[in-house]
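Here the structure is laid out as structure tokens; the discussion comes afterwards.
Both backbone and side-chain heavy atoms feed into the values below; hydrogens, waters and symmetry mates do not. All chains are named by letter (A, B, ...) in the order of the sequence lines, taking the proteins before the strands, and each is independently numbered beginning at 1. For clarity, every value in this text was computed on a predicted model and none was experimentally measured.
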Amino acid sequence: MPELPDVEGFRRVLAEHAGEPITAVRVCDAGVLRGVSARRLDEALRGHRFGQPRRHGKWLIAPADGPVLMLHFGMTGSLSWHDADEPRHRHDRVVWGFQDGELRFRDMRKLQGVRLVADEGQAGRTLDDLGPDALDVSREELGALLAGRRGRLKSALTDQTLIAGLGNLLADEICWRARVSPLRNVPDLDDDEVTALYQAMRRVLRDSVRAGRVPPRDTWLTGARDEPEGACPRCGTTLSRRRISGRTTVWCRTCQPK
DNA sequence: TCACGTGTTACCCC
DNA sequence: CGGGGTAACACGTG
């Protein structure tokens, strides 16, 4: 699931419990810990409180009165609040206990995980290679980012070092809404197309952040892309699909001509 | 059994 | 160096 909108939802969950003392840290599966031991995670966080968490791209950053917790959810991670007596899920990997309940980092595939850095300086270094967060990009900045970029539009949109936060679903959704083929070469895009892409990005992000996910509505590409013979929600053309840089890309060859 | 998946990184090639 | 492609990581599903 996790692209920018999902992580923004997880940020909200954590934000609701900022300021409450962390009473316990339980590592159920150390396989998600990145560069930190279970012991160190516990020592650094127990008795501390999370400050206001923030998000950059697909990263959730939670300062904890000194150390900084950094979560990345890979393809299957999530963060949710539960009563302490609610049975744990099989894929709950790390749990932070509070007075009234607990936060659970759940992740089936363990492709990414939980980091802890000593301070904000190190947090900044961890995020150093990321481009600006997609929600912070202006029309002018998008144009500047794409200027001088070679290769396909799809690759550019999902390149976290260019723009942070857009994943496979969002990138396809944005191209579809903008009526621009994801196969187009970036240098060939004209100003109107970049403007259309920018407006599509804003609208898709706004609605997705509101939903906490890319909503699988039947008026969106995402609602049709997983069906074997999925049809374009706008014109009914059978959707095209093809792998680009290892990810399945879906588009409508009628609405988004090459 | 095999292919596939909303992510990232290492590695090879041009 | 910039891009393209693939494999690997881990695990569940069709």
Nearest-angstrom distance from the residue atom [atom1] of [X] to [atom2] of [N]:
{"X": "Met75(A)", "N": "dA10(C)", "atom1": "CE", "atom2": "C1'", "answer": "11 Å"}
{"X": "Asp107(A)", "N": "dG12(C)", "atom1": "CG", "atom2": "C1'", "answer": "12 Å"}
{"X": "Phe10(A)", "N": "dG7(B)", "atom1": "CZ", "atom2": "P", "answer": "12 Å"}
{"X": "Glu227(A)", "N": "dG14(C)", "atom1": "CD", "atom2": "C1'", "answer": "16 Å"}
{"X": "Arg247(A)", "N": "dG3(C)", "atom1": "CZ", "atom2": "P", "answer": "19 Å"}
{"X": "His56(A)", "N": "dT8(B)", "atom1": "NE2", "atom2": "P", "answer": "12 Å"}
{"X": "Leu166(A)", "N": "dT8(B)", "atom1": "CG", "atom2": "P", "answer": "11 Å"}
{"X": "Asp129(A)", "N": "dT8(B)", "atom1": "CG", "atom2": "C1'", "answer": "12 Å"}

Distance in Å, [X] [atom1] paired with [Y] [atom2], rounded so as to fall on 0.5 Å steps:
{"X": "Lys58(A)", "Y": "Asp6(A)", "atom1": "NZ", "atom2": "CG", "result": "10.0 Å"}
{"X": "Trp96(A)", "Y": "Arg104(A)", "atom1": "CH2", "atom2": "CZ", "result": "12.5 Å"}
{"X": "Cys175(A)", "Y": "Met201(A)", "atom1": "SG", "atom2": "CE", "result": "11.5 Å"}
{"X": "Ser78(A)", "Y": "Asp92(A)", "atom1": "OG", "atom2": "CG", "result": "7.5 Å"}

Handout entry: Whichever of Gly246(A) and Arg149(A) has its nearest DNA chain C nucleotide further upstream toward 5'
Key =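 Looking at DNA chain C, the more 5' nearest nucleotide goes with Arg149(A).
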Consider the side chain of [X], meaning its heavy atoms from C-beta on, and name the nucleotide among [options] that approaches it most closely.
{"X": "Thr248(A)", "options": "dG12(C), dG2(C), dG5(B)", "result": "dG5(B)"}
{"X": "Arg243(A)", "options": "dG5(B), dC11(C), dG7(B)", "result": "dG5(B)"}
{"X": "Met108(A)", "options": "dG7(B), dG5(B), dG4(C)", "result": "dG5(B)"}
{"X": "His72(A)", "options": "dG7(B), dG4(C), dG12(C)", "result": "dG7(B)"}
{"X": "Gln160(A)", "options": "dG7(B), dG12(C), dT8(B)", "result": "dT8(B)"}
{"X": "Asn168(A)", "options": "dG5(C), dG7(B), dG3(C)", "result": "dG7(B)"}

Is there a side-chain contact between [X] and the phosphate of [N], meaning an N or O under 4.0 Å from OP1 or OP2?
{"X": "Arg90(A)", "N": "dG12(C)", "answer": "yes"}
{"X": "His91(A)", "N": "dA10(C)", "answer": "no"}
{"X": "Arg150(A)", "N": "dC14(B)", "answer": "no"}
{"X": "Lys110(A)", "N": "dC11(C)", "answer": "yes"}

Problem - Separation of the P atoms in dT8(B) and dC1(C), to the nearest angstrom - result: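 It works out to 22 Å between them.
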Exercise for the section: May I ask you to say what Arg241(A) touches in the nucleic acid, namely base, sugar-phosphate or nothing, with a heavy-atom cut-off under 4.0 Å? Expected result: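 Arg241(A): no heavy atom of the nucleic acid under 4.0 Å.
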Exercise for the section: Select base, sugar-phosphate, or nothing to describe what Ser155(A) touches, counting heavy atoms under 4.0 Å on all strands. Expected result: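 Sugar-phosphate, no base atom in range.
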Exercise for the section: Measure from the side-chain N and O atoms of Glu3(A) to the backbone N and O of Val214(A), and report whether any donor-acceptor pair falls under 3.5 Å. Expected result: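 No.
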Practice task
Give a yes or no answer on whether the side chain of Arg11(A) reaches the backbone of Gln52(A) with a donor-acceptor pair at less than 3.5 Å.
Solution key: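 Between the backbone of Gln52(A) and the side chain of Arg11(A) there is no qualifying donor-acceptor contact (under 3.5 Å).
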Practice task
Only stems of 3 or more consecutive Watson-Crick or G-U pairs count here, both distances under 3.5 Å; name the ones for DNA chain C, or none.
Solution key: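 Stems found: B:2-5 with C:11-14, B:7-14 with C:2-9.
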Exercise for the section: Test for a donor-acceptor pair under 3.5 Å between the base of dG5(B) and the side chain of Arg109(A), counting only N and O atoms. Expected result: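 Yes, a donor-acceptor pair under 3.5 Å.
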Handout entry: Cationic tip of Arg177(A) above Trp220(A) ring, under 6.0 Å, 45° of axis
Key =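 Yes, cation above the ring, under 6.0 Å and within 45°.
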Problem - Geometric cation-pi criterion, Arg115(A) with Trp59(A): 6.0 Å, 45° - result: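 No cation-pi geometry.
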